[in-house]
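Shown next, in C-alpha coordinates, is the structure this report addresses.
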Number of protein chains: 2
Amino acid sequence: MGPDKDRFQVIIKKLRDSGHRITPQRMAIVKIVATSEDHPSVENIYDRIKKDYPTVSLATVYKNILLLKSIGEVAELTFPDGSNRYDGRKTTPHLHVICVRCKKIVDADMDNLDEIAKKIEVDTDYKIIDQRFEFFGICRNCMKN
Amino acid sequence: MGPDKDRFQVIIKKLRDSGHRITPQRMAIVKIVATSEDHPSVENIYDRIKKDYPTVSLATVYKNILLLKSIGEVAELTFPDGSNRYDGRKTTPHLHVICVRCKKIVDADMDNLDEIAKKIEVDTDYKIIDQRFEFFGICRNCMKN
DNA sequence: ATTCCTGCAAAATCTTTGCAGCTAG
DNA sequence: CTAGCTGCAAAGATTTTGCAGGAAT
(Lines give C-alpha, C1' and ligand atoms only; values in the text may rest on other atoms or scores of the structure.)
Protein backbone atom coordinates (compact mmCIF):
# COMPACT_ATOMS: atom_id res chain seq x y z
CA MET A 1 0.00 0.00 0.00
CA GLY A 2 1.59 3.25 -1.14
CA PRO A 3 1.71 6.38 0.94
CA ASP A 4 -1.03 8.04 -1.10
CA LYS A 5 -3.50 5.22 -0.60
CA ASP A 6 -2.51 5.33 3.02
CA ARG A 7 -3.36 9.01 3.30
CA PHE A 8 -6.73 8.34 1.73
CA GLN A 9 -7.51 5.66 4.29
CA VAL A 10 -6.30 7.78 7.17
CA ILE A 11 -8.51 10.68 6.21
CA ILE A 12 -11.57 8.50 5.58
CA LYS A 13 -11.13 6.82 8.94
CA LYS A 14 -10.79 10.15 10.71
CA LEU A 15 -13.97 11.38 9.05
CA ARG A 16 -15.88 8.25 9.97
CA ASP A 17 -14.59 8.30 13.55
CA SER A 18 -15.68 11.89 13.98
CA GLY A 19 -19.22 11.06 12.89
CA HIS A 20 -19.13 12.31 9.32
CA ARG A 21 -20.76 10.34 6.54
CA ILE A 22 -18.79 8.84 3.73
CA THR A 23 -20.57 9.77 0.54
CA PRO A 24 -19.26 8.96 -2.94
CA GLN A 25 -18.66 12.64 -3.63
CA ARG A 26 -16.76 13.01 -0.39
CA MET A 27 -14.65 9.97 -1.15
CA ALA A 28 -13.81 11.36 -4.56
CA ILE A 29 -12.77 14.70 -3.09
CA VAL A 30 -10.66 13.03 -0.42
CA LYS A 31 -9.02 10.83 -3.02
CA ILE A 32 -8.01 13.84 -5.07
CA VAL A 33 -6.56 15.88 -2.23
CA ALA A 34 -4.84 12.83 -0.78
CA THR A 35 -3.13 11.83 -4.00
CA SER A 36 -2.61 14.95 -6.11
CA GLU A 37 0.97 16.03 -6.26
CA ASP A 38 0.25 19.34 -7.94
CA HIS A 39 -1.62 21.21 -5.17
CA PRO A 40 -4.95 21.68 -6.96
CA SER A 41 -7.30 24.63 -6.58
CA VAL A 42 -10.98 24.14 -5.78
CA GLU A 43 -11.73 24.56 -9.48
CA ASN A 44 -9.14 21.92 -10.34
CA ILE A 45 -10.71 19.50 -7.88
CA TYR A 46 -14.15 20.27 -9.25
CA ASP A 47 -13.04 19.63 -12.84
CA ARG A 48 -11.37 16.35 -11.98
CA ILE A 49 -14.33 15.07 -10.02
CA LYS A 50 -16.75 15.79 -12.82
CA LYS A 51 -15.12 13.08 -14.90
CA ASP A 52 -16.51 10.46 -12.51
CA TYR A 53 -19.39 12.40 -10.97
CA PRO A 54 -20.74 14.79 -13.59
CA THR A 55 -23.46 16.15 -11.31
CA VAL A 56 -21.24 17.18 -8.42
CA SER A 57 -21.51 20.84 -7.49
CA LEU A 58 -18.87 23.42 -6.73
CA ALA A 59 -20.58 24.11 -3.42
CA THR A 60 -20.06 20.51 -2.37
CA VAL A 61 -16.37 20.75 -3.15
CA TYR A 62 -16.12 23.92 -1.08
CA LYS A 63 -18.04 22.38 1.80
CA ASN A 64 -15.81 19.33 1.87
CA ILE A 65 -12.60 21.30 1.63
CA LEU A 66 -13.83 23.36 4.56
CA LEU A 67 -14.49 20.17 6.48
CA LEU A 68 -11.08 18.73 5.67
CA LYS A 69 -9.41 21.96 6.72
CA SER A 70 -11.35 21.96 9.99
CA ILE A 71 -10.09 18.52 10.93
CA GLY A 72 -6.57 19.48 9.92
CA GLU A 73 -6.19 17.07 7.03
CA VAL A 74 -5.56 19.51 4.23
CA ALA A 75 -3.25 22.47 4.16
CA GLU A 76 -4.26 25.60 2.32
CA LEU A 77 -1.73 27.67 0.38
CA THR A 78 -2.60 31.20 -0.63
CA PHE A 79 -0.85 32.82 -3.56
CA PRO A 80 0.10 36.48 -3.70
CA ASP A 81 -2.73 36.90 -6.20
CA GLY A 82 -5.23 35.52 -3.69
CA SER A 83 -5.96 32.13 -5.21
CA ASN A 84 -5.89 29.09 -2.97
CA ARG A 85 -4.36 25.65 -3.48
CA TYR A 86 -4.75 22.54 -1.38
CA ASP A 87 -2.40 19.88 -0.17
CA GLY A 88 -3.69 16.80 1.61
CA ARG A 89 -0.69 14.55 1.16
CA LYS A 90 1.44 15.28 4.14
CA THR A 91 0.78 15.93 7.75
CA THR A 92 4.37 16.66 8.65
CA PRO A 93 5.22 20.33 8.26
CA HIS A 94 7.12 21.20 5.13
CA LEU A 95 8.00 24.16 2.99
CA HIS A 96 6.31 25.19 -0.20
CA VAL A 97 8.35 26.80 -2.91
CA ILE A 98 6.13 28.55 -5.42
CA CYS A 99 6.94 29.95 -8.86
CA VAL A 100 5.19 33.28 -9.23
CA ARG A 101 5.19 33.00 -13.03
CA CYS A 102 3.99 29.50 -13.86
CA LYS A 103 2.64 28.79 -10.34
CA LYS A 104 4.36 25.47 -10.08
CA ILE A 105 4.73 24.39 -6.45
CA VAL A 106 7.56 22.26 -5.17
CA ASP A 107 7.79 20.83 -1.69
CA ALA A 108 10.94 21.05 0.36
CA ASP A 109 11.77 19.40 3.60
CA MET A 110 13.50 21.00 6.49
CA ASP A 111 14.66 18.95 9.39
CA ASN A 112 14.17 21.42 12.20
CA LEU A 113 10.74 22.93 11.58
CA ASP A 114 9.47 21.40 14.78
CA GLU A 115 12.26 22.96 16.78
CA ILE A 116 11.44 26.34 15.34
CA ALA A 117 7.79 25.95 16.32
CA LYS A 118 8.80 25.04 19.86
CA LYS A 119 11.05 28.06 20.13
CA ILE A 120 8.25 30.29 18.86
CA GLU A 121 5.89 28.88 21.48
CA VAL A 122 8.31 29.76 24.23
CA ASP A 123 9.17 33.19 22.86
CA THR A 124 5.63 34.38 22.16
CA ASP A 125 3.50 32.43 24.62
CA TYR A 126 1.21 31.31 21.81
CA LYS A 127 0.01 27.72 21.59
CA ILE A 128 1.01 26.91 18.01
CA ILE A 129 -1.46 24.77 16.09
CA ASP A 130 -0.40 25.27 12.51
CA GLN A 131 2.34 26.76 10.43
CA ARG A 132 2.93 27.83 6.89
CA PHE A 133 6.33 28.34 5.32
CA GLU A 134 6.27 29.67 1.81
CA PHE A 135 8.94 30.83 -0.54
CA PHE A 136 8.06 32.71 -3.69
CA GLY A 137 10.42 32.79 -6.60
CA ILE A 138 11.00 31.93 -10.20
CA CYS A 139 11.68 28.36 -11.23
CA ARG A 140 14.55 27.36 -13.45
CA ASN A 141 12.30 26.82 -16.44
CA CYS A 142 10.69 30.26 -16.26
CA MET A 143 14.10 31.83 -15.72
CA LYS A 144 15.18 30.76 -19.19
CA ASN A 145 12.37 32.67 -20.86
CA MET B 1 14.00 60.24 13.73
CA GLY B 2 12.39 56.97 14.78
CA PRO B 3 12.36 53.86 12.66
CA ASP B 4 8.72 54.35 11.73
CA LYS B 5 9.26 57.83 10.39
CA ASP B 6 12.25 56.43 8.61
CA ARG B 7 10.17 53.77 6.89
CA PHE B 8 7.72 56.42 5.79
CA GLN B 9 10.48 58.46 4.21
CA VAL B 10 12.03 55.44 2.56
CA ILE B 11 8.79 54.40 0.94
CA ILE B 12 7.91 57.92 -0.19
CA LYS B 13 11.34 58.34 -1.73
CA LYS B 14 11.09 55.02 -3.53
CA LEU B 15 7.72 56.03 -4.92
CA ARG B 16 8.99 59.40 -6.06
CA ASP B 17 12.11 57.90 -7.62
CA SER B 18 10.05 55.42 -9.57
CA GLY B 19 7.96 58.19 -11.06
CA HIS B 20 4.85 57.91 -8.91
CA ARG B 21 3.06 60.97 -7.67
CA ILE B 22 2.84 61.81 -4.02
CA THR B 23 -0.78 62.68 -3.36
CA PRO B 24 -2.17 63.46 0.09
CA GLN B 25 -4.19 60.23 0.04
CA ARG B 26 -1.14 58.25 -0.92
CA MET B 27 0.90 59.83 1.84
CA ALA B 28 -1.78 58.99 4.37
CA ILE B 29 -1.90 55.37 3.24
CA VAL B 30 1.87 55.05 3.33
CA LYS B 31 1.97 56.60 6.77
CA ILE B 32 -0.48 54.05 8.09
CA VAL B 33 1.21 50.97 6.66
CA ALA B 34 4.64 52.28 7.64
CA THR B 35 3.72 52.94 11.25
CA SER B 36 0.91 50.58 12.24
CA GLU B 37 2.06 47.88 14.58
CA ASP B 38 -1.14 45.87 14.35
CA HIS B 39 -1.06 44.70 10.73
CA PRO B 40 -4.22 46.43 9.49
CA SER B 41 -6.61 45.14 6.86
CA VAL B 42 -7.65 47.26 3.90
CA GLU B 43 -10.83 48.12 5.77
CA ASN B 44 -8.82 49.15 8.81
CA ILE B 45 -6.65 51.42 6.69
CA TYR B 46 -9.72 52.87 5.03
CA ASP B 47 -11.38 53.60 8.38
CA ARG B 48 -8.28 55.27 9.78
CA ILE B 49 -7.76 57.43 6.74
CA LYS B 50 -11.31 58.69 6.77
CA LYS B 51 -10.59 60.56 9.97
CA ASP B 52 -8.31 62.90 8.05
CA TYR B 53 -9.63 62.46 4.53
CA PRO B 54 -13.34 61.74 4.78
CA THR B 55 -13.81 61.51 1.02
CA VAL B 56 -11.15 58.91 0.35
CA SER B 57 -12.44 55.80 -1.40
CA LEU B 58 -11.88 52.12 -0.74
CA ALA B 59 -10.76 51.72 -4.34
CA THR B 60 -7.96 54.19 -3.77
CA VAL B 61 -6.77 52.25 -0.76
CA TYR B 62 -6.80 49.04 -2.78
CA LYS B 63 -4.94 50.67 -5.66
CA ASN B 64 -2.26 52.01 -3.40
CA ILE B 65 -1.81 48.77 -1.51
CA LEU B 66 -1.41 47.07 -4.86
CA LEU B 67 1.22 49.61 -5.80
CA LEU B 68 3.09 49.21 -2.52
CA LYS B 69 3.03 45.45 -2.89
CA SER B 70 4.36 45.72 -6.44
CA ILE B 71 7.39 47.71 -5.34
CA GLY B 72 7.97 45.31 -2.45
CA GLU B 73 7.32 47.76 0.36
CA VAL B 74 4.43 46.04 2.07
CA ALA B 75 4.06 42.39 2.97
CA GLU B 76 0.67 40.76 2.71
CA LEU B 77 -0.45 38.21 5.27
CA THR B 78 -3.38 35.96 4.49
CA PHE B 79 -5.40 34.41 7.30
CA PRO B 80 -6.83 30.90 7.19
CA ASP B 81 -10.22 32.58 6.76
CA GLY B 82 -9.00 34.37 3.65
CA SER B 83 -8.74 37.91 4.96
CA ASN B 84 -5.59 39.89 4.27
CA ARG B 85 -3.47 42.08 6.54
CA TYR B 86 -0.61 44.37 5.63
CA ASP B 87 2.76 45.07 7.12
CA GLY B 88 4.92 47.87 5.80
CA ARG B 89 7.25 48.28 8.74
CA LYS B 90 10.04 45.89 8.06
CA THR B 91 11.89 44.86 4.98
CA THR B 92 13.95 42.21 6.67
CA PRO B 93 12.24 38.82 6.67
CA HIS B 94 10.56 37.87 9.88
CA LEU B 95 7.98 35.48 11.23
CA HIS B 96 4.37 36.28 11.92
CA VAL B 97 2.63 34.55 14.79
CA ILE B 98 -1.12 34.86 14.46
CA CYS B 99 -3.87 34.12 16.97
CA VAL B 100 -6.69 32.38 15.16
CA ARG B 101 -9.24 33.52 17.73
CA CYS B 102 -8.62 37.22 18.32
CA LYS B 103 -6.43 37.64 15.20
CA LYS B 104 -3.71 39.44 17.06
CA ILE B 105 -0.41 39.25 15.18
CA VAL B 106 2.97 39.24 16.83
CA ASP B 107 6.28 39.45 15.03
CA ALA B 108 9.16 37.18 15.83
CA ASP B 109 12.70 37.34 14.65
CA MET B 110 14.77 34.43 13.56
CA ASP B 111 18.43 34.79 12.94
CA ASN B 112 18.90 32.32 10.12
CA LEU B 113 16.00 33.01 7.76
CA ASP B 114 18.43 34.14 5.10
CA GLU B 115 20.41 30.94 5.37
CA ILE B 116 17.25 28.92 4.93
CA ALA B 117 16.37 30.87 1.80
CA LYS B 118 19.83 30.24 0.38
CA LYS B 119 19.57 26.54 1.06
CA ILE B 120 16.17 26.44 -0.62
CA GLU B 121 17.59 28.16 -3.68
CA VAL B 122 20.25 25.52 -4.02
CA ASP B 123 17.93 22.59 -3.33
CA THR B 124 15.12 23.61 -5.65
CA ASP B 125 16.81 25.70 -8.32
CA TYR B 126 14.30 28.50 -7.79
CA LYS B 127 15.39 32.13 -7.65
CA ILE B 128 13.77 33.15 -4.37
CA ILE B 129 12.32 36.66 -4.33
CA ASP B 130 10.04 36.58 -1.32
CA GLN B 131 9.15 34.46 1.65
CA ARG B 132 6.38 34.10 4.15
CA PHE B 133 6.67 32.35 7.48
CA GLU B 134 3.50 32.13 9.46
CA PHE B 135 2.55 30.36 12.64
CA PHE B 136 -1.06 30.02 13.63
CA GLY B 137 -2.01 29.45 17.20
CA ILE B 138 -3.85 30.74 20.23
CA CYS B 139 -2.44 33.57 22.26
CA ARG B 140 -2.12 33.47 26.01
CA ASN B 141 -5.04 35.79 26.53
CA CYS B 142 -7.45 33.73 24.44
CA MET B 143 -6.20 30.57 26.09
CA LYS B 144 -7.60 31.74 29.44
CA ASN B 145 -11.11 32.01 28.09
C1' DA C 1 -36.27 6.59 10.52
C1' DT C 2 -33.34 10.27 11.24
C1' DT C 3 -29.67 13.19 10.42
C1' DC C 4 -26.52 14.70 7.58
C1' DC C 5 -25.24 15.72 2.82
C1' DT C 6 -25.95 17.30 -1.86
C1' DG C 7 -27.02 20.45 -5.55
C1' DC C 8 -29.06 24.41 -7.11
C1' DA C 9 -29.48 29.25 -6.99
C1' DA C 10 -29.02 33.33 -4.58
C1' DA C 11 -26.34 36.06 -1.51
C1' DA C 12 -22.28 37.74 0.56
C1' DT C 13 -17.64 39.21 0.53
C1' DC C 14 -13.66 40.97 -1.26
C1' DT C 15 -11.15 43.08 -4.97
C1' DT C 16 -10.69 45.09 -9.54
C1' DT C 17 -12.05 48.00 -13.36
C1' DG C 18 -13.88 51.92 -16.36
C1' DC C 19 -14.29 56.41 -16.70
C1' DA C 20 -14.88 61.47 -15.96
C1' DG C 21 -12.92 65.03 -13.46
C1' DC C 22 -9.01 66.60 -10.82
C1' DT C 23 -4.17 67.56 -9.42
C1' DA C 24 0.83 66.91 -8.76
C1' DG C 25 4.87 67.77 -11.09
C1' DC D 1 0.15 71.55 -19.64
C1' DT D 2 -0.63 66.48 -19.16
C1' DA D 3 0.12 61.98 -17.48
C1' DG D 4 -1.21 59.86 -13.56
C1' DC D 5 -4.45 59.67 -9.57
C1' DT D 6 -8.95 59.81 -7.31
C1' DG D 7 -13.71 58.62 -6.38
C1' DC D 8 -17.78 56.69 -7.75
C1' DA D 9 -20.36 52.92 -9.33
C1' DA D 10 -20.49 48.76 -11.65
C1' DA D 11 -18.48 44.46 -12.66
C1' DG D 12 -15.72 40.33 -11.46
C1' DA D 13 -14.12 36.67 -8.82
C1' DT D 14 -14.39 33.66 -5.17
C1' DT D 15 -16.64 31.60 -1.34
C1' DT D 16 -20.73 30.93 1.61
C1' DT D 17 -25.56 30.14 2.63
C1' DG D 18 -30.59 28.58 2.50
C1' DC D 19 -33.36 25.17 1.46
C1' DA D 20 -35.73 21.07 -0.53
C1' DG D 21 -34.89 16.53 -1.89
C1' DG D 22 -31.98 12.50 -1.31
C1' DA D 23 -28.72 9.27 0.76
C1' DA D 24 -25.85 7.15 4.57
C1' DT D 25 -26.05 4.95 8.79
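Naming: A, B, ... by sequence-line order, numbering from 1 per chain. Since this is a predicted model, take the numbers as computed values, not measurements.
Distances shorter than 4.0 Å separate some side-chain N or O of Arg26(A) from OP1 or OP2 on dT6(C). Side-chain nitrogen and oxygen atoms of Gln25(A) include at least one within less than 4.0 Å of the OP1 or OP2 phosphate oxygen of dG7(C). In this model, the phosphate group of dG7(D) is approached by a side-chain N or O of Thr60(B) to a distance below 4.0 Å at OP1 or OP2. When the side-chain nitrogen and oxygen atoms of Tyr62(B) are compared with OP1 and OP2 of dT16(C), none of them lie within a distance under 4.0 Å.
Rounded to whole Å, atom C1' of dT16(D) lies 15 Å from atom CG of Leu67(A). Distance, Phe79(B) CZ to dT13(C) P: 18 Å, rounded to whole Å. Put simply, CG on Asn84(A) is 14 Å from C1' on dT16(D), counting in whole angstrom units. As a whole-Å value, the separation of Glu43(A) CD from dT15(D) P is 9 Å. Note: CE (Met27(A)) to C1' (dC5(C)) measures 15 Å, nearest angstrom. One atom, CD1 of Ile45(B), and another, C1' of dC14(C), lie 14 Å apart when rounded to the nearest Å. Atom OH of Tyr46(A) and atom P of dT6(C) are 14 Å apart (whole Å). Rounding to whole angstrom units, NZ of residue Lys63(B) and P of dC19(C) are separated by 12 Å.
Heavy atoms of Val42(B) sit nowhere under 4.0 angstrom from any nucleic acid atom. The residue Thr55(B) sits close only to the backbone: its heavy atoms come under 4.0 Å of sugar-phosphate atoms, none of a base.
Between the side chain of Arg89(A) and the main chain of Arg7(A), no donor-acceptor pair closer than 3.5 Å is present. Within the 3.5 Å criterion, the main-chain N or O of Ser41(A) finds a donor-acceptor partner in the side chain of Asn44(A). Between the side chain of Ser83(B) and the backbone N or O of Phe79(B), no donor-acceptor pair lies under 3.5 Å. A distance-only check finds a donor-acceptor pair linking the side chain of Arg26(B) to the backbone of Arg21(B) [under 3.5 Å].
With no hydrogens or angles considered, no side-chain donor-acceptor pair links Glu121(B) and Tyr126(B) at under 3.5 Å.
DNA chain C is contacted by both Ala59(A) and Leu66(B); Ala59(A) maps to the nucleotide lying nearer its 5′ end (nearest heavy atom per residue). In this structure, Leu58(A) and Tyr53(B) both approach DNA chain D, and ranking their closest nucleotides by distance from the 5' end singles out Tyr53(B).
Ring to ring, Phe135(B) and Phe133(A) are close: their centroids are under 6.0 angstrom apart.
Contact between Ile65(A) and Val74(A) at its shortest, heavy atoms only, is O-CG2, 4.2 Å.
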Checklist entry - Could you write nucleotides 20-25 of chain D as a row of B, S and -, 5' to 3', where a protein heavy atom under 4.0 Å of any base atom gives B, of only sugar-phosphate atoms gives S, and otherwise -? => result ---BBS
